[in-house]
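Hydrogens, waters and symmetry mates are skipped; everything else that's a heavy atom, side chains included, is used.
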Amino acid sequence: MQGVPKRISLRTALLLELGFVTSSAVALVGLTTILIAGSDLRLTLLSLLALWLGSTLIFVLFGAYAVHRLVVGPLGKLTAEADALALGEFPAHAPQKTAELELLATRYRVMAENLLDVQSQVVRVEKLAGIGRLAAGVAHEVRNPLGALGSYVEVLERRGADPKVTGDMHQAIGRIERIVQGLVDYARPG
């Protein structure tokens, strides 16, 4: 895909953001341990436990935030696009934050465009089928009187009617027959 900026992978984005939080928490615990090391052991252990619990809580909360920002939010946008498409709208493309979700969004949009193309072809085929049924009905209704006219022209020929007049009548009947056949051929599926 040309013109699309290269995006980092979802795994890399999560690892970078969670790694930053983890290293910050470890640095904070280490700094606090150094500062408290001069105190008694019990206070140091309690402080380390409190810092460990606090950093774990921060890690979990930030992890939930990162997952929501990098996964749940973009998937919500894709879901909104799917809902809009189901209503017959084709929403504008919103770029995703990670390479995997951008690939998923691109493939989804290609699939949606293909489905719209197929749907328009189905509508076209249904219209042609309706025209075909109409043409068959018209052909039947026109050919019945044409057959009768052809028989009357033959009767007139046998009774000695002017051959030029009956010839012109045969030509007119043949012309109408060709027009009806052309209509039937046009409406017939290929």
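When every heavy atom of Val153 is checked against every heavy atom of Ile173, the shortest pair comes out as CG2-CD1, 4.1 Å.
Val165 and Ile176 fall within the same hydrophobic cluster, where Ile, Leu, Val, Met, Phe, Trp and Tyr residues are linked whenever their side-chain heavy atoms come under 4.5 Å apart, directly or through other members. In terms of hydrophobic clustering, with Ile, Leu, Val, Met, Phe, Trp and Tyr side chains grouped at heavy-atom distances under 4.5 Å, Leu75 and Leu103 are assigned to different clusters.
Side-chain polar atoms of Asp185 and Gln181 form a donor-acceptor pair below 3.5 angstrom.
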Step-by-step side chain to side chain contact (heavy atoms under 4.5 Å, CB included) determination, Val180 to Val138 = CA-CA 8 Å; Val180 168; Val138 167; 5.7 Å; no
Worked check of side chain to side chain contact (heavy atoms under 4.5 Å, CB included) between Gln171 and Asp168 = CA-CA 5 Å; Gln171 281 182 334; Asp168 288 345; 3.7 Å; yes
Given side chain to side chain contact (heavy atoms under 4.5 Å, CB included), test Leu149 with Met169 step by step and report yes or no.
-> CA-CA 9 Å; Leu149 286 174; Met169 293 173 98; over 6 Å; no
Pair Arg107-Val110, side chain to side chain contact (heavy atoms under 4.5 Å, CB included): steps then yes or no = CA-CA 5 Å; Arg107 287 186 178 166; Val110 167; 5.7 Å; no
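Here the CE-CG distance, from Met111 to Leu116, works out to 10.0 Å after rounding to the nearest 0.5 Å. Distance CG/Asp83 to CG/Leu78: 11.0 Å, rounded to 0.5 Å.
Between the side chain of Tyr152 and the backbone N or O of Gly147, no donor-acceptor pair lies under 3.5 Å.
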